[in-house]
There are 2 protein chains.
Amino acid sequence: MSKIEEKCKEKGVRLTDQRKIIAKVISDSKQTFGSKDHPDVDELHKRATLIDKKISIATVYRTIKLFEESGILIRHDFKEGKSRYEPTTEEHHNHLIDINSGEIVEFVDKEVEELQNKIAQKLGYKLVDHKLELYGSKIKKN
Amino acid sequence: MSKIEEKCKEKGVRLTDQRKIIAKVISDSKQTFGSKDHPDVDELHKRATLIDKKISIATVYRTIKLFEESGILIRHDFKEGKSRYEPTTEEHHNHLIDINSGEIVEFVDKEVEELQNKIAQKLGYKLVDHKLELYGSKIKKN
DNA sequence: AAAATATTTAAACTAATTATAAATATTAAG
DNA sequence: CTTAATATTTATAATTAGTTTAAATATTTT
């Protein structure tokens, strides 16, 4: 059973066949593609239909939304228009997006996290969510 | 003449009546509403029609795009779906979005800027663009 | 002032996403 | 277990933000 399936049980989300498939697809994205993945809805649908060719795009959208609301996965709206998804990880991380290839590099930086909290507090706010995205191009070594 | 009109001249963007109106609306957004504003296209259109009720939404979209490409204004894609706009400022700044009211607080933090550069470099990238958004709720004082 | 070029308008079109109604599957009650 | 009640899925229609197009208007060039 995938980690996402476990989480569904925890959160009381009923697991239908379709949801199991979508859960597996998302789970696998991290496993087999590594942190470079983060598929969009079309890609999730495409991968899901490899398992069950009858699954509809509407179900993918609905399930993704359900999973997001249950904190099972995270949606990202990078600068490209389409949303991209990844399973929720224990540790919060940020993203660097390669502007040439679209590849994603994940990183964690404690300093940044602390700084963000400090800033919010100074402005009189309680930090609820935050987004740090770096866009860059690869430095070639010689 | 508004600052944005001046910039258009600099960049060689021809100023039609409609563009002048839209330029004024954006200029005024910072002036009269302060940093809390950042209107979306609908709001820009609404304000523009107060000056000329014949101006079409397509022109607003086209002009906004033109202004953005000329570096005259900045588009933001916060978590709400619609893009919101502000005139380009000399100094780069970040945004804290009030999740309850949609209000925006702008802030500058040198430490954050430096940190971002350092992180990108460490990952082997040249930082081209970056986005830091904090989402928070107001702390009530007692 | 006429010809060439650019912009605007209104309306049609896209792409991503959401809602709806009928069909199918799941759960609960007898 | 078998029917009624509830939830989910499918296919399709609707919606929303944004873009494109063709005809009308305006601006610039000659």
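Numbered from 1 within each chain, the chains take letters A, B, ... in sequence-line order.
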Problem set entry | Between P of D:dG18 and CG of A:Asp77, the distance in whole Å | 13 Å

Exercise. Would you say a side-chain N or O of B:Thr16 is under 4.0 Å from OP1 or OP2 of D:dA26?
Worked result: no

Problem set entry | B:Glu43/B:Arg47 ion pair, N-O < 4.0 Å | yes

Anything under 3.5 Å between a donor and an acceptor, one on a side chain of residues 110-121 of chain A, the other on a protein residue two or more places apart or in another chain? List them.
residue: A:Glu113; atom: OE2; partner: A:Asn94; partner atom: ND2; Å: 3.3
residue: A:Gln116; atom: OE1; partner: A:His130; partner atom: ND1; Å: 2.2

For this session: Report the residue (A:Arg14 or B:Asp17) whose heavy-atom-nearest nucleotide on DNA chain C is the more 5′ of the two.
Result: B:Asp17

Problem set entry | From D:dA11, D:dT8, C:dA10, nucleotide with atom closest to A:Ala58 side chain | D:dA11

Exercise. Checking all strands, does B:Ile55 fall into the base, sugar-phosphate, or nothing category for heavy-atom contacts under 4.0 angstrom?
Worked result: sugar-phosphate

For this session: Respond yes when some side-chain nitrogen or oxygen of A:Tyr61 is under 4.0 Å from OP1 or OP2 of C:dT17, and no when none is.
Result: yes

Exercise. Please give, in whole Å, the distance from C:dA16 P to A:His76 NE2?
Worked result: 19 Å

Exercise. Going through the distances and angles, do B:Glu133 and A:Asp129 end up as a side-chain contact (heavy atoms from CB on, under 4.5 Å)?
Worked result: CA-CA 8 Å; B:Glu133 287 161 22; A:Asp129 195 5; over 6 Å; no

Exercise. Would you say C:dA16 has OP1 or OP2 under 4.0 Å from some side-chain N or O of A:Ser83?
Worked result: no

Exercise. If you check every side-chain atom of A:Gln18, which of C:dT8, D:dT9, D:dA17 has the closest atom?
Worked result: D:dT9

Exercise. For B:Asp42 and D:dA17, what is the distance between atoms CG and P respectively, to the nearest whole Å?
Worked result: 6 Å

Problem set entry | Worked verdict on A:Arg84 versus A:Ile104 for side-chain contact (heavy atoms from CB on, under 4.5 Å) | CA-CA 11 Å; A:Arg84 298 172 61 172; A:Ile104 288 171; 3.6 Å; yes

For this session: Please state how far atom CZ in B:Arg84 lies from atom P in D:dG18, giving the value in whole angstrom units.
Result: 13 Å

For this session: Could you check how far CG of B:Asp52 sits from P of C:dT7, rounded to whole Å?
Result: 18 Å

For this session: Using atom types as modelled and distance alone, determine if a side-chain donor or acceptor of A:His45 lies under 3.5 Å from a backbone N or O of A:Ile55.
Result: yes

Exercise. Roughly how many Å is it from NZ in A:Lys54 to C1' in C:dT24, rounded to a whole number?
Worked result: 11 Å

For this session: Whole angstrom is fine here: how far is it from CD1 in B:Ile64 over to P in C:dT7?
Result: 16 Å

For this session: Can you tell me the distance, in whole Å, between the NZ atom of B:Lys46 and the P atom of D:dA17?
Result: 12 Å

